[in-house]
Amino acid sequence: MKILSKPSELREFIEQKGIKREEIGFVPTMGYLHEGHLSLVRKCRHENSFCVVSIFVNPLQFGPNEDLAAYPRDLDRDKALLEKEGVDLLFVPTEQDMYHPDFSTSVKETRLSRYMCGAFRLGHFDGVCTVVLKLFNIVQPKRAYFGEKDYQQLQVLRRMVRDLNVPVEVVGCPIVRDHDGLALSSRNVYLTKEQRQEALRIPKALEEAERLFKEGERRASVLEAKMREVLSAGKGLKVQYIEIRDADNLEEVEEIKGRVVVALAVYVGKARLIDNKILEG
Ligand code: AMP
């Protein structure tokens, strides 16, 4: 596995090897890898002959009071995992490699980004769109792989690629969960044993919503109330939002008809966890 940190070195390497855009699959990450990330890598490897992974904790997508400094990192472990998966190229730029000291351009998606996480993490999706477009321009992949775990991010990026004619196919990949149902996340490392147990109410709440839906309940407000009930019984859980929205355009839904995403963000102690489930009538 080739490891590079400078955008110019990466372009040189790919051009010297004569690797074409059509061959390149790409998985952007912030590292501290788990099976969720690795599921993206495996799909990417399977569908492309040249697989690029990036690890970059992007300061632009963290708010001033968020966990940028504390974000878990273990590059040696990540390298070993990616090597084992047969990744061809690992891109690990520093902040200086990515952002010029007087960097002054950004990408802003103005509709889908207003809701859900975007309403609480101001500027977050501008940071995501900007870094992903930069990474796309550096790596120039044919396909890029993102997890449905970050469902809103996936939809915002699909929109960016559509609106700006970015020649990259955005591929969504299913959420990978731990054996007990908790969605894998690098941030799960923040949880104590007790908090992790309480956090199981998150997938439980989503399962409850799905159960009611399967029984025929179509009122979003009823599903939301049920989820809130499951979560509020938990010790140290603080619900930031529970929302049921159209799965494509993320518009609010009262009566569930087509495909919707049931999404939530919950603080478990200081860890902010997100999860979601798609329901389809
Ligand atoms: P992150 O390192 O958190 O920025 O995540 C990098 C990519 O991995 C994003 O596209 C995430 O949506 C995806 N991802 C993270 N956790 C999971 C998971 N549990 N299942 C599937 N994909 C995931």
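When a ligand or atom number is given, it counts from 1 through the structure's own listing order.
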* **CD1 on Ile55 to CG on Leu90, rounded to 0.5 Å** => 5.0 Å
* To the nearest 0.5 Å, tell me how far Cys129 SG sits from Leu60 CG. => 11.0 Å
* Asked: Are Arg245 and Tyr115 in a cation-pi setup, meaning NZ or CZ lies under 6.0 angstrom from the ring centre and within 45 degrees of the ring axis?
  -> yes
* To do: Would you check, one step at a time, whether the test side-chain contact (heavy atoms from CB on, under 4.5 Å) holds for Leu182 with Asp275?
  => CA-CA 9 Å; Leu182 188 67; Asp275 199 351; 5.9 Å; no
* Asked: Using 30° and 60° as the class limits, which term best fits the ring planes of Phe13 and Phe50: parallel, tilted or perpendicular?
  ->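 Ring orientation, 0 to 90° scale: tilted.
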Closest to [atom] among [options] (heavy-atom distance):
| atom | options | result |
| --- | --- | --- |
| atom 5 (O) of ligand 1 | Arg187, His37, Glu148, Glu35 | His37 |
| atom 22 (N) of ligand 1 | Ser39, Pro28, Gly172, Gly147 | Gly147 |
| atom 14 (N) of ligand 1 | Asp150, Leu38, Val128, Val170 | Asp150 |

* May I ask you to check if ligand 1 and Val176 share an N or O to N or O distance below 3.5 Å? => yes
* Asked: Do any N/O atoms on Phe146 end up under 3.5 angstrom from N/O atoms on ligand 1?
  -> no
Taking 4.0 angstrom as the limit and counting only heavy atoms of [X], give me the atoms of ligand 1 inside it, by number and element.
| X | result |
| --- | --- |
| Leu184 | 16 (N), 17 (C), 18 (C), 19 (N) |
| Ile175 | 20 (N), 21 (C) |
| His34 | 15 (C), 16 (N), 17 (C) |
| Pro174 | 20 (N), 21 (C) |
| Lys149 | 16 (N), 17 (C), 18 (C), 23 (C) |
| Leu40 | 7 (C), 8 (O), 10 (O), 13 (C), 22 (N) |

* Asked: Does any pair with a residue in residues 50-61 pass side-chain hydrogen bond (donor to acceptor under 3.5 Å, both in side chains), and if so which ones, sequence neighbours excluded?
  -> Asn58-Gln61, Asn58-Tyr99
* Asked: Which pairs, with at least one residue in residues 80-92 and sequence neighbours excluded, count as a side-chain hydrogen bond (donor to acceptor under 3.5 Å, both in side chains)?
  -> Arg42-Glu85
* To do: Using distance alone, with no hydrogens and no angle criterion, decide if Asn188 and Arg196 have a side-chain donor and acceptor under 3.5 Å apart.
  =>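 On atom types as modelled, these side chains do not qualify, holding no pair under 3.5 Å.
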* To do: Write out the residue and atom name of the closest protein heavy atom to atom 4 (O) of ligand 1, then the distance separating them to 0.1 Å.
  =>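 Going by distance alone, atom 4 (O) of ligand 1 is nearest to Met30 CG, 3.5 Å.
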* If you have a sec, work out which protein heavy atom is nearest atom 3 (O) of ligand 1 and how many Å separate them, to one decimal? =>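 For atom 3 (O) of ligand 1, the nearest protein heavy atom comes out as Tyr71 OH, 3.8 Å.
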* To do: Taking the side chain as every heavy atom from C-beta outward, state whether Phe26 and Tyr145 have any pair of such atoms under 4.5 Å apart.
  => no
